[in-house]
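Values reported hereafter were calculated over all heavy atoms of this structure, with side chains retained and with hydrogens, waters and symmetry mates removed. Per chain, numbering begins at 1; letters A, B, ... match sequence-line order.
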Amino acid sequence: MNDDEFENLQRLIRLKRHESPGEGFTEAFLTRFHQRQREEMLRKSSIELFFERISTRFEEFMTPRWALAGAAALLVGFGAWAYTSQPANAPGMANKTAPQPPTAKSGENGVLDKSKRDPNAMPANGTPGDTTKKAAPAIHDGSKGTLTH
Amino acid sequence: MQEASLNGSDTSQPATITTEPASSSAAEDRVLVARAQEGDTRAFDDLVRKYTPKLYGMIYNMTSNREDTADLLQDVFAKAYRSLKRFMGKSSFYTWIYSIAVNMTLNHLKKRGRHMKVSLDDVDTGIENDPDFIAVTTAKTGVAREVNIHELQKRLNAAMMNLSEDHRTVVTLYDIQGLQHAEISKILGVSEGTVRSRLFYAHRQLQGLLEDFVK
């Protein structure tokens with residue numbers, strides 16, 4: 001494209017400035033803008049307006065800098081939670097943290113009262129019967145990490 | 001008005017359309033923005049009056065649809081009003097509101113996709129006295145040639161709509177609105193080099209589409 005052609009092209013494009021919405025557009029536009037704002041205020045409930053103001057206030061925190069800080073905080077929090085909720089391997093800790101199997105209910109003297117036993121209760125092996133033996137709590141022997149009954 | 005210099009590599013200065021010095025306009029904006037942030041709605045109205053013609057022109061030249069332009073412009077000012085308290089003045093208000101307008105227009109165009117209906121504004125009668133119009137419609141022999149303004153308008157708009165949105169944006173901001181490369185790069189959030197290369201490619205495309213008017 002030579003210089004004359006380039007200049008002609010720019011002249012042509014600049015002619016688009018002559019396309020306009022006409023006189024009076026700006027004031028009419030402003031009137032419609034005020035009307036729109038009033039309608040929006042009336043449509044929104046006070047709770048919606050409250051949340052909009054809150055979200056506008058906090059939008060400034062949704063920048064990469066803050067997102068990274070938030071992500072880092074979440075990661076640290078998750079790491080701390082994962083660490084504290086891990087099953088303990090140390091001695092003496094298992095009977096505090098290990099889940100206890102369900103025990104058969106016993107009466108005042110610690111003896112199973114068959115009359116009070118739920119007839120529908122099934123032991124872990126799926127067969128009905130005396131559940132006292134099978135329902136005994138697991139006791140950790142502490143030495144090798146195995147469970148003994 | 002500064003005339004564009006002839007240069008195919010788009011390093012020329014655009015013809016500017018604003019006559020008031022940039023510094024007094026920016027200072028006036030700062031005062032109006034401060035008042036509007038304090039709750040003075042009339043100050044925001046003054047900003048609307050000041051920027052409506054420029055932003056209308058920018059959005060219209062991107063969309064070629066006057067109804068969409070009016071609706072989008074409402075959305076732009078509504079968003080600017082809601083976000084005004086967070087405007088810290090790191091850029092000029094001019095750059096800030098132009099960025100909002102460009103982004104909202106590009107989003108609108110992406111949603112509209114290929115289903116674009118053209119609805120053109122009228123061409124004001126001043127065009128016939130415009131030196132650019134006279135230059136374009138005068139043959140090299142100095143004889144004026146018959147040019148149907150309505151037809152010219154349709155061809156120009158069709159050519160613009162043939163450009164991609166990114167290319168149409170830079171042509172609108174540079175050639176039509178008269179912004180400098182540096183201002184455009186701030187508004188679009190791209191480097192000046194990107195602005196220049198998009199302009200170069202866009203001009204090459206437009207030259208092909210408007211060949212009979214350009215030669």
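For B:Phe133, the parts sitting under 4.5 Å from any heavy atom of chain A are the backbone and the side chain alike. With a 4.5 Å cut-off on non-hydrogen atoms, B:Leu73 touches chain A through its backbone and its side chain both. When heavy atoms are compared at a cutoff of 4.5 Å, A:Arg53 does not approach chain B at all. Both the backbone and the side chain of B:Arg82 come within contact range of chain A, each with at least one heavy atom under 4.5 Å from a heavy atom of that chain. Contact annotation for B:Tyr56: only side-chain heavy atoms (C-beta onward) come within less than 4.5 Å of a heavy atom of chain A. Heavy-atom distances place the side chain of B:Gln153, and not its backbone, under 4.5 Å from chain A.
Sparse packing is recorded around CZ of B:Arg204, with 12 or fewer heavy atoms of other residues, nucleotides or ligands lying under 6.0 Å away. The local environment of NE2 in A:His34 is crowded, with over 12 non-hydrogen atoms from other residues, nucleotides or ligands closer than 6.0 Å. Atom CD of A:Glu23 is surrounded by 12 or fewer heavy atoms from other residues, nucleotides or ligands within 6.0 Å.
Taking the six-membered ring wherever Trp is involved, the centroid distance between the rings of B:Phe93 and B:Tyr51 falls below 6.0 Å. Aromatic ring centres of B:Tyr81 and B:Phe77: separated by at least 6.0 Å.
Between chain A and the residues B:Thr52, B:Thr41, B:Asn61, B:Asp124, the largest count of heavy-atom pairs under 4.5 Å involves B:Asp124. Between chain A and the residues B:Leu206, B:Val48, B:Asp122, B:Leu152, the most heavy-atom pairs under 4.5 angstrom are made by B:Asp122. Between chain A and the options B:Leu120, B:Leu210, B:Val123, the largest number of non-hydrogen pairs under 4.5 Å is found for B:Val123. When B:Thr172, B:Leu156, B:Val171 are compared by the number of non-hydrogen pairs under 4.5 Å with chain A, B:Leu156 comes out ahead.
Ring geometry, B:Tyr174 versus B:His203: the interplanar angle falls from 30° to 60°, so the pair is classed tilted. In this pair, B:Phe87 and B:Trp96 present their aromatic rings tilted. The plane angle is within the 30 to 60° band.
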